[in-house]
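I have placed the structure first, in the form of structure tokens, so that the comments after it can refer back to it.
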Amino acid sequence: MPERQTRLNTLRQRAKAAATRGGKKADSLDTSAAQEIHSLIEDLHLYQTELEVQNQELIEAQAQSSAALGEYTTLFDGMPVPAIVVDERFQILESNRMAIALLGLDKRLASRAVSLLTLLQEDSRPVFYAAARDQPSGKSVHLGNLQILTRSAPDPIPVSIDFVRFGTGGEHSEHILVLFQDRTANVDLDRVRRLFQSMLDNATSPMYAFDPEGRCLLANSAMLADIGKPREQIVGHTRHEWMSLADVVKAHNAELRQIQLELHLASEVLARSAEGVVITDASNQIVSVNKAYEQITGYSRDELIGRNPTIVQSGRHGQPFYEQLWRTLTTKNLWTGEMWNRRKNGELYPQDTRIIRILDPDGNVTNYAALALDITDRKAAQAEVELLAYYDPLTGAPTRTLILDRIAQAIRASNRSGEEFCVLYLDLDDFKGVNDSLGHEAGDLLLATVYDRLRANLRACDTVGRLAGDEFVVILQVANRDGAATVATKIREALGAPFDLDGDSVQTTVSVGISVYPHDGRSSAELLRNADAALYDVKRSGRDAWRFFDAELSRAQHRRLSIGRGLRDALANDELQLFYQPQISLADTSLIGVEVLLRWNNERLGNPGPAEFITVAESNGTIIAIGDWVLRTALAQMAQWRSAGMKPINLAVNVSGRQFSQPHFARTVHALLASFDWPAERLELEITENWAMRQPEASAAIMQSLHQSGIRFALDDFGTGYSSLSHLRLYPIDTIKIDRTFISQLGIEPDSETLVQSVIALARSLGMRCVAEGVETATQVDFLQALGCHAVQGYLQAEPMPAEKFCAWAADHS
Ligand code: C2E
Ligand code: CA
Ligand code: CA
């Protein structure tokens, strides 16, 4: 620029001079002056051209600079870090997109009047101000823990700030570039770190960690307490910085003392231990033994030291045994097991052994230590226990465990050969009687003799075992049904012969159940169970016989069991319900009574009918509670109907023989009648003929007492039992119910007409009423009417109905 100025001034002076000369002599131009002007014009031209070039350069530079500015703006704006530029007084000049988002600034323009200081949280303000005020330019500063207040978040945001001062060229024109880092995530991390630290600090054992350079990364309170230095002096420093050599030696010595103490303790324990201990060196020469080992082997310490432990080898284990031992020892550094050894006196003994291979820190074997326990006694006891578990001490026969095992063996053999085999389950029919009358000793003798006879009558390959009491099992190897039948017959004969029990001659019979493999079961347990099921059948049908397992029968038993179990919950689960069936007078077709019939709503069992479940309830005793419920519910219902206006009718309730046997039956019935205020004369208890005949006197007495209070009795299912009508005089019976089987034959089978006729006639002569059961046709009604029957009950009139339905039915028929 100054150069151009000088040149311009020179040109100006030259032009002035030339003009002055030309003004003095206007007509005759001085040749030199003309030349001067000419050259001046040329120079001016040159100058103009130069200027034009310069101008062009200037335009280009301007374009370049504005492009650079654009580029800078784009870069600044797109920086992946929130950044702002502030001036000397911390007024925000520029802020990039991320900073706008972080600081919650409305618009770039609006931000211009904002001071960074107002965006900092109160405590952070002086920190930033002090750091930024006197900072020379070009040096960047990091502030780690500041908080900013933003319009976008309710709480202060933790940030770290990096800033750098930079000059802009002009005087006073230094700006500061400020970069933010959002530390919210770090704060969470910090929290986790603190939690972790507190967990470590609450642990009682010292914990620490070092990085690969040996610097301490973390140390918990217990560790710090051990060292006796504050955390700052430990964490981040290498060990030699916080532990003097003297301390190291001291700690090491303490350690050594500890080890010596432990060694002393260990040797004391070893010396007194009942377990033999023998220690060898790496070449397996004995270097030390304890007292117990001397005692077990019979060798003295002096005889053992320097020798190889093979000195006690028994010779009972082959080479492979020891090879396996050494293999295990080399791979696992430990071998445990039982081995037979030999004492000095030549005696063999079983030894529970633990051998440990001891290595130095470099992995070289230094010693072997063997712990030895003489288990002669334990072995003997074990053998005894096994004998007890497998063989019955009374007879010497295999017990259940061994029996099951032998059946399993037979199954395997049968699978190979394809031949059947059989399991026989035996039970003496009168063992209890012998025991009770002749005493236990006689009973034991009987069992032992039974075992001997069974053995004598079977082949050696067959097994005879005793399960319990007087139950025996015979396993017939290779036997089909015919074979089993033959053996069963033979057994019955053999055991049927009289036994001489110390002078008493005793005879007994036996029941036998048989299962056949593979037909009747695939496992030992199943074969045994099914043989038992067959035995149960024999017992039920009179004993003193043998029988094969019958899957069909077993299914029926199974169903009985399920029904029995279901009945126990039926009341509690509210599954029982009463149905009501009307009894109609044949004289005037009026409703004279109702029989209640029990229903069991149990879908899982297929809603069994009373004919099926009543017998089960009788045999498992649930009939007592159920019968009680029936009586109570029926009376409650009748009382309710009566108060609702139903005309008085008789209530007929079926009662099982088991209920009568209850000592309080009569009292219960009276109490129920009283509590529902139901007249005794309107209650009719139906009992079956068979039951009444079974215990004539006892039942008669109970019936009499109930009868005296007005309660009536009906004899149910008459004609199916064996009682003669004259027999009935014994009982206070008011009504005879003629069984459905006879009624259904009326008009079909001429004899039945005669039979029904004589029953009715006789009943009348004894002053009893007759009710015909199961009346289904008008023909039957005609017959019955002609024969003088009193009442009918059957589907023709009505099927048994639920309470509500019966109530409606009764209203229609009154
Ligand atoms: P049951 O005492 O002889 O009762 C009559 C049975 O014959 C009832 O069978 C009834 O539904 C049925 N029946 C009535 N009219 C006709 C008909 O016209 N045709 C045919 N085919 N059958 C008819 P349910 O209800 O199955 O009872 C069977 C047996 O169960 C009863 O025979 C009774 O011995 C016994 N039972 C029922 N409820 C009880 C009870 O609460 N306690 C006791 N101990 N036994 C009961
Ligand atoms: Ca009945
Ligand atoms: Ca009946």
Side-chain angles (χ1 to χ4, degrees), residues 563 567 570-571 575-584 593-601 606-638 650-662 665 668-669 672 683-692 699 712-721 733-746 769-781 783-784 789 791-803 805-806 809:
I563 286 185
L567 279 171
L571 272 177
E575 293 168 356
L576 299 179
Q577 187 186 2
L578 290 183
F579 271 42
Y580 298 81
Q581 190 176 31
Q583 297 179 333
I584 308 294
V594 61
E595 180 181 3
V596 290
L597 294 156
L598 190 54
R599 295 291 176 266
W600 182 16
N601 301 311
N607 299 330
E612 184 180 19
F613 72 76
I614 292 287
T615 52
V616 181
E618 279 170 344
S619 70
N620 76 2
T622 44
I623 192 66
I624 307 291
I626 291 174
D628 196 63
W629 179 88
V630 170
L631 201 56
R632 178 187 308 274
T633 310
L635 282 169
Q637 184 63 75
M638 297 307 285
N650 297 325
L651 169 64
V653 180
N654 295 284
V655 175
S656 146
R658 283 284 298 258
Q659 288 174 268
F660 272 98
S661 323
Q662 281 295 99
F665 181 66
T668 309
V669 176
L672 283 172
L683 176 62
E684 190 167 70
L685 301 180
E686 299 193 359
I687 58 163
T688 58
E689 188 190 354
N690 282 336
W691 177 80
S699 12
R712 297 156 161 272
F713 282 94
L715 195 65
D716 210 348
D717 305 342
F718 187 78
T720 55
I733 287 168
D734 309 278
T735 307
I736 299 264
K737 298 191 81 174
I738 308 167
D739 195 68
R740 188 171 71 232
T741 45
F742 301 105
I743 307 301
S744 64
Q745 296 303 309
L746 285 179
R769 294 184 326 130
C770 275
V771 177
E773 289 186 317
V775 176
E776 294 182 351
T777 65
T779 320
Q780 291 164 353
V781 173
F783 268 103
L784 291 164
C789 187
V792 288
Q793 177 187 344
Y795 292 172
L796 182 67
Q797 289 76 32
E799 292 190 16
M801 300 167 270
K805 204 171 163 199
F806 176 79
W809 189 93

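When a ligand or atom number is given, it counts from 1 through the structure's own listing order. Everything numeric here is computed off the predicted structure, so don't read it as measured data.
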**Asked** Gly774 heavy atoms, cut-off 4.0 Å: which ligand 1 atoms fall inside?
**Response** 16 (C), 17 (C), 18 (O)

**Fill in**
Quick note on ligand 1: atoms under 4.0 Å from a heavy atom of Val775 include exactly 18 (O)

**Separation of Asn607 CG from Glu575 CD (nearest 0.5 Å)** = 9.5 Å

**Message:** Whether the side chain of Arg599 engages the backbone of Leu578 through a donor-acceptor N/O pair (distance < 3.5 Å, no angle test) should be reported.
**Reply:** no

**Request:** Using heavy-atom distances, let me know which of Ile626, Leu576, Asn654 sits nearest atom 39 (C) of ligand 1.
**Result:** Asn654

**Message:** If the cut-off is 3.0 Å, does any N/O/S atom of Asp716 fall short of it from the Ca ion (ligand 2)?
**Reply:** yes

**Item:** Residue pair Pro608 / Glu612: nearest heavy atoms and the distance that separates them
**Value:** CB-OE1, 3.6 Å

**Message:** Is the contact between Lys737 and ligand 1 made by the side chain, the backbone, both, or neither, using heavy atoms and a 4.0 Å cut-off?
**Reply:** neither

**Item:** Non-hydrogen atom of Glu799 closer than 4.0 Å to ligand 1
**Value:** no

**Request:** Start with the C-alpha distance between Ile624 and Trp629, add both sets of side-chain angles, then the distance that settles side-chain contact (heavy atoms from CB on, under 4.5 Å), and finish with yes or no.
**Result:** CA-CA 9 Å; Ile624 307 291; Trp629 179 88; over 6 Å; no

**Prompt:** In Å and rounded to the nearest 0.5 Å, what is the CD1 to OG1 distance from Ile563 to Thr615?
**Reply:** 8.0 Å

**Message:** I'd like to know if Gly609 contacts ligand 1, where contact means a heavy-atom distance under 4.0 Å to any ligand atom.
**Reply:** no

**Request:** Hey, could you give me the OG1/CG distance between Thr777 and Leu746, rounded to the nearest 0.5 Å?
**Result:** 8.0 Å

**Request:** May I ask you to check if ligand 1 and Asp716 share an N or O to N or O distance below 3.5 Å?
**Result:** yes

**Request:** Work out which heavy atom in Phe718 is nearest to a heavy atom in Phe742; give both atom names and the distance.
**Result:** O-CE1, 3.6 Å

**Prompt:** If you count the atoms of ligand 1 from 1 in the order shown, which ones are under 4.0 Å from a heavy atom of Ser656?
**Reply:** 44 (N)

**Request:** Under 4.0 Å from a heavy atom of Gln581: give me the atoms of ligand 1 that qualify, with their elements.
**Result:** 14 (C), 15 (N)

**Prompt:** Hey, is Ile614 touching ligand 1 through its side chain, its backbone, both or neither, going by heavy atoms under 4.0 Å?
**Reply:** side chain

**Asked** Is the closest side-chain heavy-atom distance between Asp739 and Ile743 below 4.5 Å?
**Response** no

**Item:** Proximal atoms of ligand 1 relative to Val630 (non-hydrogen, under 4.0 Å)
**Value:** 41 (O)

**Message:** I need the Gln577 CD to Leu598 CG distance, nearest 0.5 Å.
**Reply:** 9.5 Å

**Asked** Above 12 or not: heavy atoms from other molecules or residues under 6.0 Å from CZ of Arg632?
**Response** no

**Aromatic ring pairing Phe613/Trp600, orientation class (parallel under 30°, perpendicular over 60°, tilted between)** = perpendicular

**Asked** For ligand 1, which atoms sit closer than 4.0 Å to a heavy atom of Glu595?
**Response** 2 (O), 4 (O)

**Item:** Arg740 N/O under 3.5 Å from ligand 1 N/O
**Value:** yes

**Asked** Do any N/O atoms on Leu598 end up under 3.5 angstrom from N/O atoms on ligand 1?
**Response** yes

**Asked** Which bit of Val653 gets closer than 4.0 Å to ligand 1, counting heavy atoms only: side chain, backbone, both or neither?
**Response** neither

**Message:** Using 0.5 Å steps for rounding, measure from the NZ atom of Lys805 to the OH atom of Tyr580.
**Reply:** 15.0 Å

**Message:** Between ligand 1 and Arg599, is the shortest N or O to N or O distance under 3.5 Å?
**Reply:** yes

**Request:** Decide yes or no on salt bridge (Lys or Arg N to Asp or Glu O under 4.0 Å) for Glu595 and Lys737, but give the supporting numbers first.
**Result:** CA-CA 12 Å; Glu595 180 181 3; Lys737 298 191 81 174; 2.8 Å; yes

**Vertex the Ca ion (ligand 2), arms to Asn654 OD1 and Glu686 OE1, rounded to 10°** = 90°

**Request:** Please could you name the atoms of ligand 1 that Asp717 approaches to less than 4.0 Å, counting only its heavy atoms?
**Result:** 3 (O)

**Prompt:** Is Pro800 in contact with ligand 1, taking contact as a heavy-atom separation below 4.0 Å?
**Reply:** yes

**Message:** Counting backbone and side-chain atoms alike, is an N, O or S atom of Glu595 positioned under 3.0 Å from the Ca ion (ligand 2)?
**Reply:** yes

